[in-house]
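Per chain, numbering begins at 1; letters A, B, ... match sequence-line order. In this text the structure is predicted, and so the values were computed from the model without any measurement.
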Amino acid sequence: MVEITPLFATPFAVAPVAGAAELNPALAALLRARADEQHRDHALPDDPRCFRGREDLFEWPDPAVLALKQALLGGACAAVMAANALSASEFDALGVQARARFVIVRPDGCLAATTVPMASWYVVYCVAAPPRPAARAESGVLRLYAVRQASMFMDAANWNLRPPFATGHHVWQPLAGQMAVFPGAIAHEVALNRTAEDLLLVAARLRFANAGQTTVPPW
Amino acid sequence: MVSGIRITPGFAVPFGEARLERCERLNRELEALFLARETAEYRNPTPSHLPQAEMFESRFNLFRWPERCVQELRGFVLDSVARTVLEASTLAPADSARLQMHNHTWFHITRHAGSFVAHNHPLASWSAVYCVRAGERIAGQPHSGALRFLDTRAGADGYLDEANRALRAPFAFGVREIRLEEGQVIVFPSFVFHEVSPFYGRDVRITVATNCWFT
């Protein structure tokens, strides 16, 4: 009898957002209307195939955004707590900080691979996603790179390990109303959107502080 | 008071770069040959990643083709790899001369919206990419068809402040992006993850890639 356990595992959570079916149409209309120069993040290069808004989404007063913020923070906190050794009361005492932006990945657009600085967790929420073409399995997927555990030695007995031991990239297909939560240090990208419609996402950096903590680094 | 401080790169990753002089004739011959062989017969039958209609990948035996243009390219690319190894290692020339170099080599033809997912090359020590045709440069799309190398210092940029956000080369964090030019070859350690950004030109982008190992 052999017992196998995953070491150095990466938490990756997927959760539905309650009320998303009612929330998403209003949210999508709002985000599409504000995909303009005023709301674009000018610190990032302009990309006609991928609009990236400023990271101030959670400061908008619009009801749809406020509802989304509450839902995403609630879902993300549940995921983070589930991956933590902190007790519920210890976790409840933490303060959460978040910065969010919206992203519109247009046809033939993508989000290049990146990691997330100055945050411990990253949340990607799907507001609207076009149906995936049958022949394009990777269209618009969120791909998390398996860089950390990569080895250059490969043989017949380690190239095809089963989950969770496999070392290949992890792929998540965004579905409207669902959110993914993972550590911000994991390199990730949104693959090319090979449909004729936009993929609407909201992405948020999250970090937590102890009660009374005064030395929180700037974003 | 410190009057002088010496900074050296630790854990550095060697990248070799060379250019083939007067490459136009060779590249046009290669281009014509590759486009003629963009067929099922020459396609890689066991791709390691999901194939894309916009990206053709050949079998890995390119440098065994007898055509003169291929053999000419073989000489340049493998010599570039060998010289990079010599420059980056403590091997004496006499010791390196005794090594046998092996390679897997193939070509890529990329059309509009073609790309290649991040990967590295296990069981090889050095890799190289040669540019046969850079493809159309599109205004406002500076990343089109770029060869992107991921930072090997995973997690190092997780904490940024004003004193490490703007490190100068070669210490800066982040992806290293190269827009290949025709006749240019880049040599790098095979462990480095790399990818090709979506190509938005209306023509084709053609590259030759090789993985090398030594016995």
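B:F193 and A:A146 make their closest contact through CZ-O, 3.8 Å (heavy atoms, listed as atom of the first residue, atom of the second, distance). In plain terms, the two heavy atoms of A:P48 and B:Q141 that are nearest each other are CG-NE2, 3.2 Å. Between A:R194 and B:G114, the shortest heavy-atom contact is NH2-CA, 4.3 Å.
Summarising the local packing, CD of B:E17 is surrounded by more than 12 heavy atoms from other residues, nucleotides or ligands at distances under 6.0 Å. Surrounding CZ of B:R83 are at most 12 heavy atoms belonging to other residues, nucleotides or ligands under 6.0 Å away. No more than 12 heavy-atom neighbours from other residues, nucleotides or ligands sit within 6.0 angstrom of CD on B:E87. With a 6.0 Å radius and a threshold of 12 heavy atoms from other residues, nucleotides or ligands, B:R64 has its CZ atom at or below the threshold.
Between A:Y145 and B:H119, the closest side-chain pair of non-hydrogen atoms is not below 4.5 Å. The shortest side-chain heavy-atom distance between A:P217 and B:Y159 falls under the 4.5 Å cut-off. The shortest side-chain heavy-atom distance between B:D157 and A:P117 does not fall under the 4.5 Å cut-off.
B:E54 touches chain A through its side chain: at least one heavy atom from C-beta onward sits under 4.5 Å away, while N, CA, C and O do not. With a threshold of 4.5 angstrom between heavy atoms, B:H121 approaches chain A through N, CA, C or O but not through any side-chain atom. Of the two parts of B:F173, neither the backbone nor the side chain holds a non-hydrogen atom closer than 4.5 Å to a non-hydrogen atom of chain A. Neither the backbone nor the side chain of B:E162 comes within contact range of chain A; no heavy atom of the residue lies under 4.5 Å from a heavy atom of that chain. Contacts between A:D108 and chain B at a heavy-atom distance below 4.5 Å involve backbone atoms as well as side-chain atoms.
To the nearest 0.5 Å, atom CD of residue A:E138 and atom CG of residue B:L50 are 4.0 Å apart. From A:M118, atom CE reaches atom CG of B:D161 across 7.0 Å, with rounding to the nearest 0.5 Å. Between atom OG of residue B:S115 and atom CD of residue A:E189 there is a gap of 7.5 Å, rounded to the nearest 0.5 Å.
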Audit row: B:H143, A:D47, side chain to side chain contact (heavy atoms under 4.5 Å, CB included) steps and yes/no: CA-CA 10 Å; B:H143 309 292; A:D47 182 347; over 6 Å; no
Taking it one step at a time, do A:M152 and B:N120 satisfy side chain to side chain contact (heavy atoms under 4.5 Å, CB included)? CA-CA 8 Å; A:M152 289 300 289; B:N120 65 3; 3.7 Å; yes
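For the pair A:R136 (side chain) and B:Q52 (backbone), a donor-acceptor distance under 3.5 Å is absent.
Among the candidates B:P142, B:A124, B:S190, B:S197, the residue making the largest number of heavy-atom pairs closer than 4.5 Å to chain A is B:S190. Chain A forms more heavy-atom pairs under 4.5 Å with one residue of B:A53, B:P198, B:A118 than with any other, namely B:A118. For chain B, the option among A:A191, A:A185, A:C110, A:A113 with the highest count of heavy-atom pairs below 4.5 Å is A:A113.
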